K.L.:
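Just passing along the structure, written as structure tokens.
Residue numbers begin at 1 in each chain, while the letters A, B, ... track the order of the sequences. Only heavy atoms go into these numbers, but all of them, side chains included; no hydrogens, no water, no symmetry mates. Bear in mind the structure is a predicted one, so any value in this text is a computation, not a measurement.
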Amino acid sequence: MLNIELQNNVHTILKNIFNENEQILDFIKTKGAKIEYPKERKFGDYSTPAAMQLAKILKKNPFEIAGQIKAELEKNDKYEKVDVVKPGFINIFLSNEVLFHELKTIQEQKENYSKPKEQKEKIIFEYVSANPTGPLHIGHGRWAALGDTLSRILKWAGYTVFREFYVNDAGVQVKNLNKTVEALKNNEPVPEDGYHGEYVKEVLDYGGEPIDFFLEQQKQTLSEFRVEFDNYFSEKKELHDKNNVKKVIEDLKSKGLTYEQEDALWFKSTEYGDDKDRVLIKSDGNYTYFSPDIAYHKTKINRGYNKIINFFGADHHGYIKRIKAAVNALSEKKVKFDVIIGQLVSLFREGEPVRLSKRTGTMITLSEVIKEIGTDATRYFLTAIKADTPLDFDLALAQKKSSDNPVFYIQYAFARMNSIVKKAQEKNVEITFKFEPVEFQDAERDLIVKILKYPEEILDAAKQLEPHRVTNYLLDIATLFHKFYESCKVIDENDLNTTQMRMFIVFSVRQALETLLGLLGINAPERM
RNA sequence: GCGCCCGUAGCUCAGCUGGAUAGAGCAUCAGACUUCGAAUCUGCAGGUCAGAGGUUCGAAUCCUCUCGGGCGUGCCA
């Protein structure tokens, strides 16, 4: 990646200029020279405030430092021009040869362009994990879309990712569901602690266990949503039937991390950062919900993962510290534990709130949303916004097949590229990619520089666990492509040199867009 | 009370590991189709980045406090 290369070059220059000064070495090791993408074209393709970062440390004039760095950078012919501006910004303009070279690499390496080769950590990533007592709702859809997208991103970034859905098939809610179904079958009123939604009646025609019905239904919905899992982990079969809950509690006991108080068994979670100790076995002899969850996380550790990532709804955030405490206790702090918090989704239609209470039966299911606006649009809207931000989702807006809708905007860009290729064939314009370099138009240069950034965007998203970055980036690309399309006619039979160059750009952008859409699980249609 | 999250354009949201004049989409208004798809593009307008202090060459971004909203704070799951 050009930005990393530039950073390394700057670092090397700094070492040379300042004779391996200790402060410099420390700066390089800890912070490093920041490489930025200026908002304005006149500030270059890349920019670094490195001189200003160092001015404080070295107690020197930033403008002078910048001048020294500039002089060295200019010796590298990859950098067409290097400017020093005002307080000490260094602005770097790439040579056209470098840009063409990178575009060529994108075409050759396809989705592997700049993909990290080294193997990173083994991650077990849990998301959705809805109770199998009803259909998935839009909130689950958010975890599903973000989780699925993030796992694709993490895989691209070199992590080994195992995607898991925890099936809560052994708790009180299962009993309550069964009681509800029993009552309905006998035409009796649904018990107070039962499930009152209309959807429960769907089970009545089903022969097997109600839970299996809903689990299958959920799997079906997820499949339509292009969300896959490597494993559905049954609490009942994997934990209770195998006695794992009891075992993990014995484990904690033997480590001296439990105590009895008021007839209950407690876990000393405060020793691992929790706010208070937690009950494992209630005074009535039953496990709390927490106990099987500890056992579950113990299996994650035992299965050899060195990083655990969970996607929790915001209503479960109070639960994080105790799980983390358990993981730390059981792995002796060797396994990393990360939680992504997802805020809730509120559904609207034409500005009017749509209720989704499970109890009232007026709930809108994920399946219905997908049916109404399609998998592509649903995935887009649910991954375009940071997981941490509460999301207002307007069904009417997402359904519009017009310019209001960014999904179509992006897909249209892709379709347009294909349309150009098709046109070239119709006109018998041979695609050779042989051309003499021509000065770029602004729209061309903007598009190219943006495209070359894509591996970096994916890696950032992976590092920060923020898939929405990729979604937003995709929109930026589409915007720049449409601008390019308007101002730079690709096929011009009177200027075959420019035609070849622009075809070359189109092929590169198309390849990048295809890779990115793949990560988001959104279709890249040839035509629309 | 305590803890976590949020507060950016009329609306929905980016930008937050400190950098140059705070961005996009929608909505409003004015324009562009004999030319690769107008599902597009160009332009106008729209802001005390909730507020107040602080840190520094530089703060939407970091720190403190205040206000407003959501969630959590069970021997519930």
K.L.:
A:Arg278 near the nucleic acid: base, sugar-phosphate alone, or nothing, with a heavy-atom cut-off under 4.0 Å?
P.N.:
nothing
K.L.:
Should we say atom NZ of A:Lys237 is surrounded by more than 12 heavy atoms from elsewhere, each under 6.0 Å from it?
P.N.:
no
K.L.:
In this structure, is the centre-to-centre distance between the rings of A:Trp143 and A:Phe311 below 6.0 Å?
P.N.:
yes
K.L.:
Rounded to the nearest 0.5 Å, what separation is found between the CD atom of A:Gln107 and the CZ atom of A:Phe504?
P.N.:
5.0 Å
K.L.:
By the 4.0 Å heavy-atom rule, please label A:Lys276 as base, sugar-phosphate, or nothing.
P.N.:
sugar-phosphate
K.L.:
Answer with base, sugar-phosphate or nothing: what part of the nucleic acid does A:Lys282 contact at a heavy-atom distance below 4.0 Å?
P.N.:
base
K.L.:
On a plain distance test, is the side chain of A:Asn91 in donor-acceptor contact with the base of B:A20 below 3.5 Å?
P.N.:
yes
K.L.:
Provide, to the nearest angstrom, the distance between the CG atom belonging to A:Leu58 and the C1' atom belonging to B:C57.
P.N.:
15 Å
K.L.:
Give one of base, sugar-phosphate or nothing for A:Gln411, where a contact means two heavy atoms less than 4.0 Å apart.
P.N.:
nothing
K.L.:
What is the separation between atom CD on A:Glu36 and atom P on B:G19, rounded to the nearest whole Å?
P.N.:
6 Å
K.L.:
Let me check I have this right: for RNA chain B, each base becomes ., (, ), [, ] or |, based on Watson-Crick or G-U pairs with both distances under 3.5 Å. What is the full string?
P.N.:
(((((((..((((.....[...))))..((((.......))))......(((((..]....))))))))))))....
K.L.:
What nucleic acid atoms does A:Glu262 come within less than 4.0 Å of, heavy atoms only: base, sugar-phosphate, or nothing?
P.N.:
base
K.L.:
Would you say the base of B:G25 stacks on A:Tyr409 (centre-to-centre below 5.5 Å, plane angle below 30°)?
P.N.:
no
K.L.:
Among A:Tyr166, A:Tyr289, A:Phe290, which one satisfies ring-ring contact (aromatic ring centres under 6.0 Å, His included) with A:Tyr296?
P.N.:
A:Tyr166
K.L.:
Which part of the nucleic acid, if any, lies within contact of A:His482, taking any heavy atom under 4.0 Å across all strands shown: a base, the sugar-phosphate backbone alone, or nothing?
P.N.:
sugar-phosphate
K.L.:
Syn versus anti for B:C26, judged by chi lying within 90° of 0?
P.N.:
anti
K.L.:
For A:Thr432 and A:Gln500, test the side chains for any donor-to-acceptor distance below 3.5 angstrom and give the result as yes or no.
P.N.:
yes
K.L.:
What integer distance in Å separates A:Asp169:CG from B:A77:C1'?
P.N.:
14 Å
K.L.:
Rounded to whole angstroms, how far apart are CG on A:Asp388 and P on B:C4?
P.N.:
13 Å
K.L.:
Starting at NZ of A:Lys463 and ending at P of B:U17, how long is that distance when rounded to a whole Å?
P.N.:
11 Å
K.L.:
Nearest-Å distance, CG (A:Asp275) to P (B:G3)?
P.N.:
10 Å
K.L.:
Under 4.0 Å, counting only non-hydrogen atoms across every strand here, what does A:Gln261 touch: a base, just sugar-phosphate, or nothing?
P.N.:
base
K.L.:
Among side-chain atoms of A:Lys386 and A:Asn472, is any donor-acceptor pair under 3.5 angstrom?
P.N.:
no
K.L.:
By nearest heavy atom, map A:Ala384 and A:Thr288 onto RNA chain B; which one lands nearer the 5' end?
P.N.:
A:Ala384
K.L.:
Among B:U42, B:U40, B:U21, which nucleotide has an atom closest to any side-chain atom of A:Lys483?
P.N.:
B:U42
K.L.:
Would A:Phe507 and A:Phe433 count as a close aromatic pair, with their ring centres under 6.0 Å?
P.N.:
yes
K.L.:
Just wondering, do A:Val84 and A:Asn91 contact through their side chains at under 4.5 Å, heavy atoms?
P.N.:
no
K.L.:
Any side-chain N or O of A:Arg502 below 4.0 angstrom from OP1/OP2 of B:C36?
P.N.:
no
K.L.:
On the side chain of A:His316, is there an atom forming a donor-acceptor pair with the base of B:G72 - under 3.5 Å, no angle test?
P.N.:
no
K.L.:
By nearest heavy atom, map A:Glu526 and A:Gln464 onto RNA chain B; which one lands nearer the 5' end?
P.N.:
A:Gln464
K.L.:
When you measure only distances, ignoring hydrogens and angles, does the side chain of A:Ser47 come within 3.5 Å of the base of B:A20 through a donor and an acceptor?
P.N.:
yes
K.L.:
Between B:C41 atom C1' and A:Gln441 atom CD, what is the distance in whole Å?
P.N.:
15 Å
K.L.:
Using a heavy-atom cut-off of under 4.0 Å over every strand shown, decide if A:Ala415 touches base, sugar-phosphate, or nothing.
P.N.:
base
K.L.:
Nearest to the side chain of A:Pro38, heavy atoms from C-beta on, is which of B:U21, B:C36, B:A20?
P.N.:
B:A20
K.L.:
Let me know the distance between CG of A:Leu480 and P of B:G25, rounded to the nearest Å.
P.N.:
11 Å
K.L.:
Classify A:Ile385 by what it touches in the nucleic acid, base, sugar-phosphate, or nothing, heavy-atom distance under 4.0 Å.
P.N.:
sugar-phosphate
K.L.:
Considering every strand and a 4.0 Å limit on heavy-atom distances, what is the contact class for A:Leu391: base, sugar-phosphate, or nothing?
P.N.:
sugar-phosphate
K.L.:
Heavy atoms only, 4.0 Å cut-off, all strands: where does A:Tyr319 land among base, sugar-phosphate and nothing?
P.N.:
base
K.L.:
I'd like to know whether the aromatic ring centres of A:Tyr46 and A:Tyr37 sit less than 6.0 Å apart in this structure.
P.N.:
yes
K.L.:
Would you indicate what A:Lys39 reaches in the nucleic acid, counting non-hydrogen atoms under 4.0 angstrom: base, sugar-phosphate, or nothing?
P.N.:
sugar-phosphate
K.L.:
Applying a 4.0 Å non-hydrogen cut-off, can you work out what A:Ala314 is touching in the nucleic acid: base, sugar-phosphate, or nothing?
P.N.:
sugar-phosphate
